[in-house]
Amino acid sequence: MTSHQQSEGRTVAEVMTRDVVTASARTPFKELARIMDERRISALPVLDSSGHVLGVVSEADLLLKQADRRRTLGMRAALLDPDEAARLSGEVAEELMSAPAITIGPEASVAAAARAMIRRRVKRLPVVDEDGTLLGIVSRADLLTVFLRDDAALAEEIGSALVRALGPEAVGGLTLDIDGGVVTVGGRLPDSSLIPQVGRTVSGVDGVVDVSFALTPATDGG
């Protein structure tokens, strides 16, 4: 299943945004806030002079200052978490950002990017090459584009995936009924033990919402 997902699934490079709004390490607080407001974005990768990602500064990082005015008025910084205390006193991007940045490579699958976002509780991932140079950025919205393909295109990809996974003879008697990304596999399989593999193969195709079966039992004559 893993090798199938890598070969069939869309990669981050196919869905990422390549024109990325970024900040430098010395971009001041107010400029960061202005960029986010004008470009309607909630986070900026922070780059060094060579284009390597140093970290990410988000609206949440900037809002720490505002929240702290009410929460810790009169509290000594020494009583705070050291990392939070440093960001509360920060004035430029490198002092405010979350670092190291959580990044992903361009050849990673869309599914891997989604898992990383959920696990690390982030809304976007800078996409970097092996040297850490920024190539693009992928957001939750970008990942959802795999569900926007029409059913005809999805059927073609599922059919190809099944042939590669099980062979043309095994899947030649199958039918696919797709409605809004929900796939119903009908027809016949020569061996019912193949059903789990068919299910895994179909569900591994990006854009499939759900899979169900309506198979006709195989007869003695095949």
Side-chain angles (χ1 to χ4, degrees), residues 1-20 41-43 102-130 135-222:
M1 180 181 177
T2 300
S3 62
H4 164 72
Q5 286 179 325
Q6 290 174 341
S7 63
E8 294 298 330
R10 279 187 166 187
T11 65
V12 167
E14 295 178 81
V15 300
M16 71 182 185
T17 299
R18 297 178 183 274
D19 182 17
V20 185
I41 52 179
S42 59
I102 302 166
T103 62
I104 197 162
E107 298 307 315
S109 68
V110 166
R115 288 193 294 269
M117 288 185 189
I118 293 170
R119 184 172 63 252
R120 304 303 294 270
R121 298 181 180 180
V122 295
K123 297 180 180 179
R124 59 194 47 76
L125 297 169
V127 184
V128 300
D129 64 14
E130 294 180 355
L135 301 175
I137 195 163
V138 63
S139 69
R140 292 178 180 178
D142 295 326
L143 300 185
L144 289 174
T145 60
V146 300
F147 294 102
L148 301 181
R149 289 181 294 167
D150 62 47
D151 291 337
L154 198 56
E156 182 177 352
E157 185 170 347
I158 292 170
S160 297
L162 286 169
V163 168
R164 280 191 282 269
L166 287 87
E169 296 81 9
V171 301
L174 292 180
T175 62
L176 298 173
D177 181 29
I178 307 176
D179 184 8
V182 178
V183 182
T184 301
V185 181
R188 290 181 177 178
L189 274 174
D191 186 344
S192 61
S193 67
L194 295 175
I195 292 175
Q197 188 175 0
V198 171
R200 289 193 297 268
T201 301
V202 174
S203 62
V205 175
D206 291 331
V208 171
V209 176
D210 196 14
V211 183
S212 63
F213 288 88
L215 295 172
T216 301
T219 64
D220 292 340

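Every value quoted in this text rests on a predicted model; they were computed, and no experiment measured them. Heads up: numbering here begins at 1 and tracks the sequence.
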Taking side-chain hydrogen bond (donor to acceptor under 3.5 Å, both in side chains) as the test, write out the residues that go with [X], two or more places apart.
X: Thr17; result: none
X: Asp142; result: Ser139
X: Arg140; result: none
X: Thr103; result: none

Quick one, Leu143 and Met117 - any side-chain contact, counting heavy atoms below 4.5 Å?
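Yes, their side chains come closer than 4.5 Å.
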
Do Asp206 and Arg149 have side chains that get closer than 4.5 Å, going by heavy atoms?
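SC-SC contact between Asp206 and Arg149 confirmed.
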
Minimal non-hydrogen separation, [X] against [Y], with atom names:
X: Ile195; Y: Phe213; value: O-CZ, 3.6 Å
X: Pro190; Y: Ala170; value: CD-O, 3.2 Å
X: Val205; Y: Ala161; value: CG2-CB, 4.0 Å
X: Thr11; Y: Glu107; value: CG2-O, 3.9 Å
X: Thr201; Y: Ala165; value: OG1-CB, 3.7 Å
X: Ala112; Y: Ile104; value: C-CD1, 4.2 Å

With a 3.5 Å cut-off and sequence neighbours excluded, list the donor-acceptor pairs that the side chains of residues 173-187 form with protein atoms.
unit_1	atom_1	unit_2	atom_2	d
Thr184	OG1	Ser212	OG	3.3

Rounded to the nearest 0.5 Å, what's the gap from CG on Leu215 to CZ on Arg188? Could you check?
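The CZ atom of Arg188 is 10.5 Å from CG of Leu215, to the nearest 0.5 Å.
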
For Leu125 and Arg120, run side-chain contact (heavy atoms from CB on, under 4.5 Å): C-alpha distance rounded to whole Å, both residues' side-chain angles, the deciding distance at 0.1 Å, then the answer.
CA-CA 10 Å; Leu125 297 169; Arg120 304 303 294 270; over 6 Å; no

Report the residues that fulfil side chain to side chain contact (heavy atoms under 4.5 Å, CB included) with Arg121, sequence neighbours left out, ordered by chain and then residue number.
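Partners of Arg121 under the side chain to side chain contact (heavy atoms under 4.5 Å, CB included) test: none.
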
Checking Arg124 against Ser42: is there a side-chain donor and acceptor pair closer than 3.5 Å?
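Yes - a donor-acceptor pair under 3.5 Å links their side chains.
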
Give a yes or no on whether the backbone of Ala141 and the side-chain of Thr145 come within a donor-acceptor separation of less than 3.5 Å.
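Not a single qualifying donor-acceptor pair exists.
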
